[in-house]
Amino acid sequence: MLAQSASNDDCTLHSIKPCITHVAQDEAGIVTSPLRITAKDMLWIAPFGVATGFAIDYDANMMRKLGSHPSREDKFKKFSDYVGLYGPSAAPVVGYFVAAATHNDYLQESSVLAGEATLDALILNEGLKYAIDRERPNQGDGTGRFWPHGPSTWPDGQSMPSNHCMIAWSFARVIAGQYDTTPTKITVYSLATAVSVSRVLSREHFPSDVIVGSTFGYLIGDYVFRHRSREASLFSLSAVNTYNGKGVQLDINLGRR
């Protein structure tokens, strides 16, 4: 299918309906993705499941070893808030207006995709938190119990998955895909990793919460990038100005993977 850089289906500040449609379509595709699992997918699903299982078993012991250090926890919490929440939330907005002012269509697309990915992550995360209903490290007996009192007191906790991690990793995956260079990848993935570690050191989440949030965030960003980005498309059409008037340019992305 040909991807177009300028059409009635583009998500822009002046055309909000396509934005809502894209997010709804993404959520439907992401939620139903388990129905399309193939044997090849087990190459990452199996290690992810094993790592999550071991982490859940070790969660309480890990938090006891970390101990309680209010000053340290406050610093890491602030760091993760700014880098994992405020930054990815503000960057698409700032990028969009900078792109509009400089007529940079690619930056505009990147900003829109990053915004869609973080919104997708936020929506899915809220649903998962209430469905999993896990206590945070500072709740209950500190062991991160799931549905500790059954449905009678639901919801009891919203520890799994980590919202900050899902947002940070979805944002990082889109940016790394749009600007496919080694320095960009090192920067965005390092920041996302730092957010993941910070959520544990701030005692806001258990290690398994971070593993699940980071993995899901990356997968959400990957889904949005592969389905929405011109960079991920084999062919793309864009409007161009020629000496004879407006025309259409066909681009073939030979670097597509």
### Message
Counting only heavy atoms from other residues, nucleotides and ligands, does the tally under 6.0 Å from OH of Y58 exceed 12?
### Response
yes
### Query
How long is the gap from CD1 on I56 to CG on D209, to the nearest 0.5 Å?
8.0 Å
### Message
If you compare all heavy atoms of R72 against all heavy atoms of L201, which two are closest, and at what distance to 0.1 Å?
### Response
NE-O, 3.7 Å
### Message
Restricting to non-hydrogen atoms, name the atom on R136 and the atom on Q139 that form the minimum distance, rounded to 0.1 Å.
### Response
N-OE1, 2.7 Å
### Message
Grouping I, L, V, M, F, W and Y whenever their side-chain heavy atoms are under 4.5 Å apart, do L107 and Y96 come out in a common cluster?
### Response
no
### Query
Between E73 (side chain) and H69 (backbone), is there a donor-acceptor pair under 3.5 Å?
yes
## Note on the structure
For A168 and P88 the tightest heavy-atom approach is CA-CG, 4.5 Å
### Message
Using the side-chain contact (heavy atoms from CB on, under 4.5 Å) criterion, which residues pair with S198? Sequence neighbours excluded.
### Response
F76, F79, S80
### Task
State plainly whether one hydrophobic cluster holds both M62 and F206, where clusters connect Ile, Leu, Val, Met, Phe, Trp and Tyr through side-chain heavy atoms under 4.5 angstrom apart.
yes
### Query
Can we call the ring centroids of F216 and Y223 under 6.0 Å apart?
no
### Message
Can you confirm whether M160 sits close enough to L128 that some side-chain heavy atom of one is under 4.5 Å from a side-chain heavy atom of the other?
### Response
no
### Message
With no hydrogens and no angle check, just 3.5 Å: does a side-chain donor-acceptor pair link R134 and S208?
### Response
yes
### Task
To the nearest 0.5 Å, tell me how far I167 CD1 sits from T118 OG1.
6.5 Å
### Polar side chain donor-acceptor pair, T215 to W44, under 3.5 angstrom
no
### Task
Taking the side chain as every heavy atom from C-beta outward, state whether I220 and I30 have any pair of such atoms under 4.5 Å apart.
yes
### Task
State the CD-CZ distance between E116 and R228, to the nearest 0.5 angstrom.
6.0 Å
### Query
To the nearest 0.5 Å, how far apart are CD in E204 and CZ in R199?
4.5 Å
### Task
Check step by step if side chain to side chain contact (heavy atoms under 4.5 Å, CB included) holds for M166 and S162.
CA-CA 6 Å; M166 284 185 70; S162 166; over 6 Å; no
### Query
Can I211 be reached from M42 by stepping across I, L, V, M, F, W or Y side chains whose heavy atoms are under 4.5 Å apart?
yes
### Task
Say whether, by atom type as modelled, one donor and one acceptor occur between the side chain of D133 and the main chain of G157 under 3.5 angstrom.
yes
### Task
Give the intermediate values and the outcome of side chain to side chain contact (heavy atoms under 4.5 Å, CB included) for residues R203 and L66.
CA-CA 9 Å; R203 295 187 68 85; L66 280 179; 4.3 Å; yes
### Message
Could you work out, with side-chain contact (heavy atoms from CB on, under 4.5 Å) as the rule, every residue matching T38, not counting sequence neighbours?
### Response
K40, D41
#### Entry: Atom OH of Y106 with >12 non-hydrogen neighbours under 6.0 angstrom
yes
### Query
Taking the six-membered ring for Trp, are W154 and W147 parallel (under 30°), tilted (30 to 60°) or perpendicular (over 60°)?
parallel
### Query
Can you find a heavy atom in the side chain of I132 that is under 4.5 Å from one in the side chain of Q158?
no
#### Entry: Plane angle bin for Y218 and Y189 - parallel if under 30°, tilted between 30 and 60°, otherwise perpendicular
tilted
### Task
Output all residues satisfying salt bridge (charged side-chain N to carboxylate O under 4.0 Å, His left out) with D222, sequence neighbours left out; order by chain, then residue number.
R173, R226
#### Entry: Verify same cluster id: L119, Y130 (apolar side-chain graph, 4.5 Å)
no
### Task
Begin with the C-alpha distance, continue with both residues' side-chain angles, and end with the deciding distance and a verdict on side chain to side chain contact (heavy atoms under 4.5 Å, CB included) for I175 and T184.
CA-CA 8 Å; I175 298 303; T184 298; 4.1 Å; yes
### Distance, nearest 0.5 Å, that separates NE2 of H22 from CG of D120
11.0 Å
### Query
Nearest heavy-atom pair of A192 and A172: which atoms, and what distance?
CB-CB, 4.2 Å
### Query
What closest approach, in Å, do E135 and P148 show between heavy atoms, and which atom pair accounts for it?
OE2-CG, 3.5 Å
### Task
Please lay out, stage by stage, how D74 and K78 fare under the test side chain to side chain contact (heavy atoms under 4.5 Å, CB included).
CA-CA 6 Å; D74 182 63; K78 288 180 178 177; 3.3 Å; yes
### Query
Under 3.5 Å, side chain of K129 to main-chain N/O of P161, donor-acceptor pair present?
yes
### Query
Nearest 0.5 Å, what's the CD-CD distance between E109 and Q178?
4.5 Å
### Task
Decide whether I45 and V212 are clustered together by the hydrophobic rule: side chain heavy atoms of Ile, Leu, Val, Met, Phe, Trp, Tyr closer than 4.5 Å, transitively.
yes
### Summary
For K77 and S202 the tightest heavy-atom approach is N-CB, 3.6 Å
